[in-house]
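Note sheet for the following structure.
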Amino acid sequence: MSPAEGGTGSSAGPEPEPESGSAGDALARARAAKEEMRDRFAAEPRVLGVGIGGDDTGGYVVEVRLSEASVLDLIPSTIQTIRVQTRVVGSIRPQGSD
Amino acid sequence: MQLDSCRELKARLIIEATRASTRAEAPRLALGISPDARRGYALAVRITGEDPVDAQAMIADLQEQARGEIDVRRVGRIRALSAPTEPDAPEATELQQRVRPLVPGLSIAHPDVSAGTLGGFVRVGGALHVLSNNHVLANSDQARVGDPTRQPGPADGGTAADRVGSLAAWVDLDPAAANRVDAAVAVLDEGVDVDPTAYPGGPLDSVRVDPPETPAVAKLGRTTGFTTGRVTAFEVDGLVIDYPEGAVSFDNQIEVEGDAGSFSDGGDSGSVIFTLDPRAAYALLFAGSTSGGSTGAGLTYANPLATVLVALEADWVGSA
């Protein structure tokens, strides 16, 4: 889950960004994309949760959890240029002993 | 024995052992060569299987053929090491027993709850408490302050005689709002000894606040014992959990996938999830999905431990 190295920071000013700036920017962009995804599907009961995950390159993706596959077609593959990953998780229950 | 002689004997015995192993009850043999400081080389024989019925007769036969120059050991069943191992981690069956002093990972619960897990120890107002979920210690808001806490939980035979403390505080589960934690604490009865350091691999001296840079995590729980996994999502919002009393939504949650099958199962609720690099307490396990893992197993969900501690006005106790 290490942040992206050398990300596309939005600042082009003369001040050099701190080393952690690009990583912080990447996470900030993922958070903004997550918020839009959440708002877009707030009324969809088959969307069980929206979060942030890491990808294989050290960047971030938006993670979407679904109760059933029937809603998969509604979920975009990217949002605000951030890649979206989905998983169908069925139902989620508290894990006290049965 | 000379190396060439040892190789020759090994080859001959492999053929004989192969014939013998066609019988279902025969011991299984692995043959090799081991260095022997005094005699050059010895025939190495490893007998596998749970309880080979005629292992002794076979050993005697091999001893004779190798003229006593044999290194024989019974090694039981050999398992692949894909499952996580931690030398000092107790088995799940041990965690379901009555255990004193109290340690992390044990079965624990309110008398009206089946069983969950004792996640760890915290200090509230200067007093030592055990930490677990609301739905484990406070029966999902249905308990009252002062209700007993049992170790083990009722599902593991816990009775009134197994009381270790009493319910002190919990965070309500609100079906109409975004929740952040499913957490409760019980204050320990006088004279109940604890060991807050007894996590597999050693104490958890600190609490991780930020998402981990390396996703490897582990937990010790009442049902599945010690398991390892990785954080697959964080800051998960709008997470809908199906409680028996109805759906409850959570924000800012953590998702974990197990390295070898499920990271957790029913009864592991309340376990503290810790990061492995560096070691730090990280999350309070409380729920799991029926599917979604890359191998078909479910995923595990947890509250950030830092949020739990703030909500309960508690301080983490990682050392004795």
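Each chain gets a letter, A, B and so on, in the order its sequence line appears, and its residues count up from 1. In this text the structure is predicted, and so the values were computed from the model without any measurement.
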A side-chain contact here means heavy atoms from C-beta on lying under 4.5 Å apart; do [X] and [Y] qualify?
X	Y	value
B/Thr290	A/Arg93	yes
A/Arg87	B/Glu257	yes
A/Ile92	B/Leu239	yes
A/Pro94	B/Ile241	yes
B/Asp237	A/Val50	no

Tell me, out of [options], who's got the most heavy-atom pairs with chain A below 4.5 Å.
options	value
B/Ala247, B/Ser264, B/Ala155	B/Ser264
B/Thr300, B/Ile254, B/Asp251	B/Asp251
B/Asp265, B/Asp268, B/Val113	B/Asp265
B/Asn133, B/Thr117, B/Asp156, B/Leu299	B/Leu299

Inter-residue atom distance [X].[atom1] - [Y].[atom2], 0.5 Å rounding:
X	Y	atom1	atom2	answer
B/Glu235	A/Lys34	CD	NZ	5.0 Å
B/Ser249	A/Leu48	OG	CG	10.0 Å
B/Asp182	A/Gln95	CG	CD	11.5 Å

Is [X] in contact with chain A via its backbone, its side chain, both, or neither, using a 4.5 Å heavy-atom distance?
X	value
B/Tyr301	side chain
B/Gln253	neither
B/Thr223	neither

Original post:
Of the listed residues (A/Ser91, A/Gly90, A/Gly51), which shares the most heavy-atom pairs with chain B below a 4.5 Å separation?
Top reply: A/Ser91

Original post:
Do you know which of A/Ala42, A/Pro45, A/Gly49, A/Gly96 has the most heavy-atom pairs under 4.5 Å to chain B?
Top reply: A/Gly96

Original post:
Which bit of A/Glu35 is near chain B, if near means a heavy-atom gap under 4.5 Å: side chain, backbone, both or neither?
Top reply: side chain

**OP:** Select one option (side chain, backbone, both, neither) describing which atoms of A/Leu66 are under 4.5 Å from chain B's heavy atoms.
**Re:** neither

Original post:
Under 3.5 Å, is there a donor-acceptor pair between the side chain of A/Ser97 and the main chain of B/Ala115?
Top reply: no

